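Being a predicted model, the structure only gives us computed values, none of them experimental. Residue numbering restarts at 1 for every chain, and letters A, B, ... go by the order of the sequence lines.
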There are 2 protein chains.
Amino acid sequence: MVTINDIAKEAGVAKSTVSRYLNNGSVSPKTKEKIDAIVKKRGYKPNTFARSLKAQKTNMIGVIIPRLDSPSTNEVLSGIDSKAYEKGFQLIITNANQETEREIEDIYTLAKQKVDGIIFLAKEVTSKHRKTIEEIDIPFLVLGQETKEIPSITHDDYGAGKKIAQHALDLGHHDFLYFTVSREDKAVGRDRYDGFYKEISRNSLAKVEMVETSFLMREAYNTAMIELKKSKATFIVGATDTIALAVMKAANDLKMSVPEDISIAGYGGYDLLSFMSPALTTVKYPYFTIGDLAIETLEKMILKEEVPHQQALENQLIIKETTKKFK
Amino acid sequence: MVTINDIAKEAGVAKSTVSRYLNNGSVSPKTKEKIDAIVKKRGYKPNTFARSLKAQKTNMIGVIIPRLDSPSTNEVLSGIDSKAYEKGFQLIITNANQETEREIEDIYTLAKQKVDGIIFLAKEVTSKHRKTIEEIDIPFLVLGQETKEIPSITHDDYGAGKKIAQHALDLGHHDFLYFTVSREDKAVGRDRYDGFYKEISRNSLAKVEMVETSFLMREAYNTAMIELKKSKATFIVGATDTIALAVMKAANDLKMSVPEDISIAGYGGYDLLSFMSPALTTVKYPYFTIGDLAIETLEKMILKEEVPHQQALENQLIIKETTKKFK
DNA sequence: TAATGTAATAGAACCGGTTCCAATATAATG
DNA sequence: CATTATATTGGAACCGGTTCTATTACATTA
């Protein structure tokens with residue numbers, strides 16, 4: 001591999017001159033021309049590592065995601081990627097596989113990599129996380145969960161729950177079954193449900209039954225197969241679109257028809273699912289936007305500019321074919 | 001940030017001793033103990049950059065993907081990620097956004113980053129690619145497309161096409177409509193279709209109509225809305241599961257019922273789609289496995305061991321609910 | 001023409017590690 | 001106890017860049 005020394009030697013100048021040529025550029029026109037030619041001829045590419053070593057800046061941003069096979073994660077990632085590309089940041093994406101231990105590990109790994117900043121798609125921010133984040137002392141942004149100590153961008157999960165509740169009440173339902181995930185996940189597991197529950201109970205005496213399942217479709221399906229048989233709810237909510245999809249599949253396999261027998265709604269608004277039939281009623285989250293905003297915010301943090309400690313994004317109820325008036 | 005010099009000074013030893021402690025470890029027990037304590041106390045983490053600079057090894061693997069929002073890409077990525085994690089490689093994932101120019105750019109960027117190897121999920125390998133790959137001189141593995149010059153792992157796309165054709169003929173159909181993508185994409189656009197077409201025409205006089213569309217569901221849907229109206233085919237194939245899904249949606253919107261009026265099949269076998277109703281007949285590709293195998297192979301290449309120039313993976317026809325005997 | 005200012009350049013130090021080599025300390029051997 | 005082998009260690013060089021400082025070359029002004 002050709003180095004700056006090779007270029008300098010061949011051009012008959014000091015390597016500092018070549019470096020200057022590569023950067024700010026206080027170089028005479030003819031030297032510039034000479035170096036230009038040699039760089040082109042030899043196909044010289046500066047070694048990013050050596051460069052970062054002194055410059056203390058890598059232009060890399062680390063992203064920690066909980067899983068690789070989630071539509072919402074991918075949409076967020078798309079938003080992050082497109083903005084990062086625009087701004088000339090390189091992404092290092094690490095998958096923590098839903099394990100807290102790996103999350104901590106990944107934070108350290110990225111720190112060693114000397115990334116300029118880290119974006120963390122969190123399911124939960126524990127004190128262990130906080131300790132690690134404080135220790136590495138790198139601009140750090142949390143997505144999807146609110147935290148007192150660390151800047152974050154969140155969705156209005158509570159409001160989303162309320163929106164579905166209002167819709168369900170508008171349709172005249174009064175018997176609900178809600179498939180949620182672990183309450184450890186404050187945003188998805190707690191806020192969405194709480195918003196739904198509070199809104200229902202504030203306006204009616206209706207019954208809300210709640211069952212915990214997992215993000216994995218297979219497990220959600222199994223849970224649904226058991227619960228749907230027992231329940232006489234007419235309006236079902238899944239804590240994510242994929243859970244809702246699994247519930248629909250179960251309903252189908254149990255010969256319950258959607259939305260004739262039961263209505264179903266979810267949260268997410270994934271592109272892929274909008275092509276299903278019947279189309280799912282859902283609360284659409286601006287996943288792409290949150291990714292985009294994340295890079296904007298993180299860049300400011302890197303430049304030591306002021307950023308809002310917490311930003312929340314709005315979402316929107318999309319009424320499609322899986323919900324229907326209670327007969 | 002604490003450096004090796006700080007540790008050395010505090011321990012009263014040379015930094016080479018600390019370095020040795022960190023690596024091979026020919027260090028006396030009591031020195032070790034002393035350094036141990038200080039490293040722990042100060043929370044010292046070696047700077048990966050400085051380390052890589054001399055060691056000429058980064059333990060990073062670059063992955064270039066065509067898009068972030070494709071289920072197949074994500075499954076491949078999952079496979080790559082899980083194996084890479086197991087082997088202690090760090091992943092740098094870059095998204096080329098389906099643009100050849102960005103692909104080339106990404107190859108250079110990763111080279112500058114001094115990754116140990118690159119995995120390229122290709123839609124096409126042009127001579128421009130080949131030139132770049134040759135130039136950077138880094139272990140390079142192509143996934144999904146066959147190339148003479150560069151090691152690759154591919155799917156049996158031709159065979160997959162044949163399998164769907166056989167299935168369609170077995171069901172007694174004889175009027176086919178095939179939604180494909182650009183023939184520039186040799187694997188998805190050409191081989192799958194060619195396998196299908198050859199098998200059909202080898203066994204019957206049936207008519208195969210072919211229409212080109214895009215990977216994007218929205219576009220595939222629009223194309224399908226136009227073509228389905230004109231066509232009287234009874235068996236429809238989509239070049240990917242997502243295209244097939246878009247076609248199903250169009251059929252649904254045109255009040256054609258699947259599989260009563262028309263049968264539909266795709267390629268992929270994505271997890272998510274297996275939860276749809278009706279479940280899609282498809283050829284299941286071992287996406288996770290290919291990712292896994294990719295890391296295994298690339299590691300050998302990095303260690304300069306011999307690898308097969310080309311490896312092809314088998315796939316499997318999964319008959320579900322969207323295909324039915326021709327009445 | 002001498003004096004002064006400015007642009008371009010060379011050289012050295014540095015970033016934070018690894019690695020080679022020589023020096024020293026310790027253990028084993030005769 | 002002297003000699004030799006082996007284990008530890010310190011110091012210096014190096015990886016490929018950037019950046020600071022001093023020097024040189026050239027142009028401008030009086």
Note: contacts of residues 30-39 of chain B with DNA chain C (heavy atom, under 4.0 Å) are none

Please name all residues satisfying side-chain contact (heavy atoms from CB on, under 4.5 Å) with B:Thr154, sequence neighbours left out, ordered by chain then number. B:Glu146, B:Ser152, B:Gln310, B:Ala312

Can a salt bridge be assigned to the pair B:Arg102 and B:Glu105 using a cut-off of 4.0 Å between side-chain N and carboxylate O? no

Sorted by chain and number, sequence neighbours left out, side chain to side chain donor-acceptor pair (under 3.5 Å) with A:Thr297 holds for A:Gln311

Sequence neighbours excluded, which residues qualify as side chain to side chain donor-acceptor pair (under 3.5 Å) partners of B:Glu33? none

Those residues that, when tested against A:Ala84, pass side-chain contact (heavy atoms from CB on, under 4.5 Å) (two or more places apart): A:Phe89, A:Leu91, A:Ile295

When the C1' atoms of the five terminal pairs at each end define the local axes, what inter-axis angle does the helix from C:dT1-D:dA30 to C:dG30-D:dC1 show, to 10 degrees? 50°

Would you please name every residue forming a side chain to side chain donor-acceptor pair (under 3.5 Å) with A:Tyr285, sequence neighbours left out? A:Asp157, A:Arg192

Taken in chain and number order and not counting sequence neighbours, the residues that satisfy side-chain contact (heavy atoms from CB on, under 4.5 Å) with A:Ala122 are A:Phe120, A:Val125, A:Val142, A:Gln145

Contacting residues from residues 104-114 of chain B, given that a heavy atom lies under 4.0 angstrom of DNA chain C: none

Is there side-chain contact between A:Lys34 and A:Val27, with heavy atoms separated by less than 4.5 Å? no

Strictly below 4.0 Å: does B:Ser28 bring a side-chain N or O up to OP1 or OP2 of D:dT9? yes

Give a yes or no on whether the backbone of B:Phe49 and the side-chain of B:Asn47 come within a donor-acceptor separation of less than 3.5 Å. yes

Taken in chain and number order and not counting sequence neighbours, the residues that satisfy side chain to side chain donor-acceptor pair (under 3.5 Å) with B:Lys128 are none

The contact string for nucleotides 10-19 of chain D, one letter per nucleotide 5' to 3', using protein heavy atoms under 4.0 Å with B, S and - for base, sugar-phosphate only and none, comes out as BB--BBBBBB

Only distances under 3.5 Å count here; give the side-chain donor-acceptor pairs of residues 10-18 of chain B to other protein atoms, sequence neighbours excluded, each with its distance to 0.1 Å.
| residue | atom | partner | partner atom | Å |
| --- | --- | --- | --- | --- |
| B:Glu10 | OE1 | B:Arg42 | NH1 | 2.7 |
| B:Glu10 | OE2 | B:Lys41 | NZ | 2.8 |

Below 4.5 Å, heavy atoms only, C-beta onward: do A:Ile104 and A:His129 meet side chain to side chain? yes

